[in-house]
Every structure is written in C-alpha cells, then in structure tokens.
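Before any comments, here is the structure.
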Amino acid sequence: MGLLSKKDAALITDPLADNNPITIQVLGICSALAITAELKASIVMAISVMAVLAIGNVVISLMRNIIPSKIRIIVQLIVVAALVIIVDLVLKAFAYELSKTLSVFVGLIITNCIIMGRFEAFALGNGPWRSFLDGIGNAAGYGLILIAVGFFRELLGSGTLLGFKVLGDPIEKTGLYALGYENNGFMLLSPMALIVVGIIIWVQRSRNKALIED
Amino acid sequence: MEHLELFFKSIFIDNMVFATFLGMCSYLAVSKKVSTAVGLGAAVIFVLAVTVPINWLLDQYLLQPGALSWLGAEYAEYDLSFLSFIMFIATIATMVQLVEIIVEKFAPALYNSLGIFLPLIAVNCAILGGSLFMQSREIPTLGLSLVYGIGSGIGWFLAILAIAAIREKIRYSSVPPALRGLGITFIITGLMAIGFMSFGGMLTGGDDASKKKEAPKAEIKVEQKQVEDSLTKVNETEKEETEKELADNTKKITE
C-alpha cells in the first residue's frame with residue numbers, strides 16, 4: 001500500500017481481527033444479529049454501515065473544532081440520522097424487497113453503538129483522512145463478522161448461499177441431500193445468531209490468548 | 001383486553017432483547033452487577049413509556065402520509081414519513097435530556113441511582129427501536145402505544161436483570177478460558193432466547209381472529225362503544241339481581 005503509511009494501514013487492519021468492533025469492543029451488536037439469517041441481507045447491511053460510518057466520521061471530523069462539547073451527542077445523532085435517511089431511501093429505490101426484510105434495522109443504524117462509539121473515540125480527535133480510514137476499517141471488521149454469521153446461518157439453515165442451492169436440492173434429493181443430509185431449520189431462528197457469534201468469539205480467543213478476559 | 005394482550009405480548013413474545021436483539025450493546029456492557037442492571041432497566045422503562053406515546057403523536061399528526069390534513073385540505077397530500085428517523089431521534093434525545101433535568105431537580109436520590117445511565121439511553125437501540133416498531137406495526141391508539149412502551153421496557157428490564165444475575169453466579173463456575181466474559185454471555189443469551197421462544201405460541205391462536213375483527217372495528221367503533229356501555233349496564237343490573245337472589249337464598253337457608 002504505497003498510498004498509506006504504516007500507521008494509517010493499521011487503522012484499517014486492526015479492527016479486522018485484534019480490535020474487532022463486535023467481538024472485542026462489543027459495539028453494534030443490536031443490528032448485527034437480527035438480520036443475519038441470509039447472506040445477502042448481511043452484505044447489504046455491512047455496506048450500508050460502511051457508507052454511513054465512513055462519511056459520518058469525515059463529517060464529524062471536519063466539524064470537530066466547532067461542535068460545543070455539551071451538545072455533541074445531539075449533533076452526532078442528527079448527522080447519522082441524515083445519512084441513514086439517504087441510505088434508507090437508496091435501498092427503497094434500488095432494492096425494495098431487501099429493504100422490506102431489513103425493515104426497521106436500517107433505521108437502527110442511527111443508534112448502532114459502533115457509529116457513536118467511533119465518533120466519540122476517534123473522529124472527535126483526528127483529521128478527516130484518518131477518520132475516513134478508521135470508519136472503513138471498523139465497518140469492515142463489523143461486516144466481516146456479519147458476513148461470517150450470515151454465511152453459516154444460511155448454509156446450515158437453508159442449504160443455500162445468496163439464494164443458490166450449493167448443497168443440492170432438498171426436495172429432489174440431489175447432492176448432499178442424497179446422503180441423508182437435512183437442513184437445520186433451527187439456524188434460521190434468531191437465537192442461533194447469538195450462539196454463532198459466541199462460537200466465533202471462542203475460536204478467536206483460543207487462537208489469541210492475549211484477548212482472554214479474567 | 002386488547003391492552004392486556006399487547007402488554008404481555010411486548011413483554012414476553014416480542015421481547016426487545018430476545019426476539020429482536022435491541023439494546024444489546026448496553027445489555028452486554030452493563031450486566032456485570034445486578035444493582036447497576038436494575039438502575040439501567042428502570043431508566044429504560046421510564047424513557048420508553050415517555051417517548052413511544054410522544055412519537056406516536058408525531059407520527060399520527062405530522063409524519064404519516066396525509067397526516068397533515070388537520071392543517072387544511074391543501075396539506076393533505078404531503079408525506080413526511082422519510083423524516084421519521086430524524087424526528088424520532090431528536091425527540092428521544094431531547095426527552096432524555098428533559099427527563100434528566102426533571103429527575104435531578106425533584107428526585108435527587110433516583111437521579112443518583114440512575115446516574116450516568118440516563119444520558120447513555122439516548123443512544124440505546126431499544127428506545128429508537130420501540131418507536132420504529134410502534135410505527136411499522138401501526139399501533140392504532142395513544143393508549144395502546146403507551147402500553148406498548150411500558151411493556152417493552154419491562155421486557156428489557158427482565159432480560160437484563162436475568163442475565164446480570166446469571167453473570168454474577170457464573171463467575172464461580174469453570175468456564176473454558178477463551179469463552180469467559182463475552183463469549184459465554186452470548187451463548188447464555190442465545191439459550192435464554194430459545195427459552196423465551198416457547199412463549200411464542202401463547203397468543204398466536206387469538207391473533208388471526210383479532211386481526212379479522214379489527215378491520216371493521218374502526219368504522220363501527222362508536223356503535224360498539226354504545227353497545228358495550230349498554231352491555232355493561234345490563235351486566236351490572238344482572239349482577240345486582242343475582243346478588244339479591246343469593247342474599248335471599250342464604251337468608252332462607254339460615255332461616
């Protein structure tokens with residue numbers, strides 16, 4: 001990466017694993033779980049959050065010297081709300097079916113703790129370029145978990161990925177289903193999202209002992 | 001009856017935490033001790049009970065398509081629903097600030113126990129989620145929206161209370177090191193959510209019937225009220241009569 005100095009590159013790569021917003025910082029879980037029954041919804045959600053977080057970080061970072069600290073929360077909320085309205089309208093225009101599945105969870109990006117958390121912790125104290133990178137990195141770390149959870153839930157729950165039947169046809173008994181494999185419908189129910197995230201955390205922390213809590 | 005049904009539905013079946021995963025961030029961050037969990041839970045009930053009805057009024061009289069018709073016929077075509085996110089979040093932020101000021105002035109003891117949680121609540125997904133679900137589920141009256149707010153608040157309170165109690169106990173069990181803390185909390189929450197799913201069948205049987213009834217209800221509401229009033233009167237007179245009869249019978253028996 002010639003464009004980025006080492007310090008800047010770390011802003012993007014850190015949140016992917018060792019400082020992941022979901023599994024380490026515990027931010028933005030609310031929306032991460034409810035919409036991950038399908039891979040497609042997870043990807044769209046990840047992209048939406050990335051757009052909102054990167055642009056929002058830049059806006060807040062540009063305004064950081066003129067926002068009075070007492071009302072900064074309201075200012076931040078208004079900035080996010082405006083961005084989320086744009087995302088919501090874009091989704092309604094170009095992916096109406098999907099925006100129906102995501103329902104209120106697009107709106108809930110506003111109160112996604114990831115966004116407020118990064119505004120508070122990073123954008124208020126850093127320049128626009130670094131804030132932009134931080135936004136991209138954190139949203140990517142968030143999206144990574146979202147996509148991983150969506151991948152496992154859709155694959156094990158309905159035997160498809162992005163709607164393609166990768167394991168064969170369950171009705172005509174082709175592919176894996178010919179061997180007696182059955183879909184685990186339980187994976188499509190919301191509680192399984194929590195358990196899948198719990199297992200991801202488990203795997204991550206067994207590989208990196210430094211992250212273990214006492 | 002309608003109110004009671006919605007109340008229990010929002011506590012158990014559509015539980016904020018277990019069914020829709022709202023407010024998970026603070027649910028995970030503030031559930032290490034029961035006492036702090038109770039403080040935050042109480043604050044959430046309070047704020048939800050205030051903001052959901054206010055946002056209901058905003059939705060009905062400003063935001064819905066055609067909601068501005070009370071201003072005059074020329075405003076009837078306006079559809080401001082795209083503004084609902086910004087209106088709701090602004091209402092919530094101001095209400096939280098207002099509640100904080102009022103509580104600080106009139107109930108300093110409560111203020112100290114809620115402490116830092118009140119400002120945190122402005123960015124709690126459960127609060128905005130309550131208003132957005134109220135909008136998307138088209139809750140018909142102000143009273144029902146109040147019930148919905150209180151019910152979902154209590155549901156959230158129960159959830160955080162339960163997980164805090166479990167986390168206090170689980171400190172003494174031997175959890176695999178890599179699962180300690182966050183990991184096991186996720187898995188326990190998942191198991192609790194599966195448990196809460198068993199409430200799901202509780203009201204679904206009656207749901208379809210009530211929906212069918214609801215459609216014509218709006219048109220004949222007034223008539224129905226009158227009928228209900230007269231019915232209650234009849235019931236009351238009947239009750240009095242039966243009571244009299246009972247009294248007479250007991251007299252006879254004693255004689």
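Letters go in sequence order (proteins before strands), and every chain restarts at 1. Bear in mind that the values here come from a model prediction, so they are computed numbers and not experimental data.
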**Message:** Using heavy-atom distances under 4.5 Å, tell me whether B:Ala19 contacts chain A through its side chain, its backbone, both, or neither.
**Reply:** backbone

**Item:** B:Thr189, part contacting chain A, at a heavy-atom distance under 4.5 Å
**Value:** both

**Asked** So, A:Asp134 and A:Arg130, do they make that salt bridge, N to O below 4.0 Å?
**Response** no

**Sidechain-backbone polar pair: A:Arg153 side chain, A:Leu189 backbone, donor-acceptor under 3.5 Å** = yes

**Message:** Taking side chain as everything from C-beta outward and backbone as N, CA, C, O, which of these in B:Phe18 sits under 4.5 Å from a heavy atom of chain A? Side chain, backbone, both or neither.
**Reply:** backbone

**Prompt:** Between B:Leu179, B:Ile187, B:Ile92, B:Leu132, which shows the greatest number of heavy-atom pairs under 4.5 Å with chain A?
**Reply:** B:Leu179

**Request:** Could you tell me whether the side chain of A:Arg118 and the main chain of A:Ala123 form a donor-acceptor pair under 3.5 Å?
**Result:** no

**Asked** Checking heavy atoms, do the side chain of B:Met197, its backbone, both or neither come under 4.5 Å from chain A?
**Response** side chain

**Prompt:** Would you call the rings of B:Phe199 and B:Phe12 parallel, tilted or perpendicular, where under 30° means parallel and over 60° means perpendicular?
**Reply:** tilted

**Request:** Against chain B, work out which of A:Ile78, A:Ile110, A:Ile74, A:Val84 has the most heavy-atom pairs shorter than 4.5 Å and name it.
**Result:** A:Ile110

**Asked** Between B:Ser84, B:Ala193, B:Ala93, B:Cys125, which has the largest tally of heavy atom pairs under 4.5 Å with chain A?
**Response** B:Cys125

**Heavy-atom proximity to chain B below 4.5 Å, by part of A:Leu108** = both

**Prompt:** Is there a side-chain contact between A:Val80 and B:Ile89, using heavy atoms and a 4.5 Å cut-off?
**Reply:** no

**Request:** Give the ring-plane orientation class for B:Tyr61 versus B:Trp56, where under 30° counts as parallel, over 60° as perpendicular and anything between as tilted.
**Result:** perpendicular

**Asked** Do the non-hydrogen side-chain atoms of A:Gln76 and A:Leu124 ever get within less than 4.5 Å of each other?
**Response** yes

**Prompt:** Side chain, backbone, both or neither: which part of A:Ile114 has a non-hydrogen atom closer than 4.5 Å to chain B?
**Reply:** neither

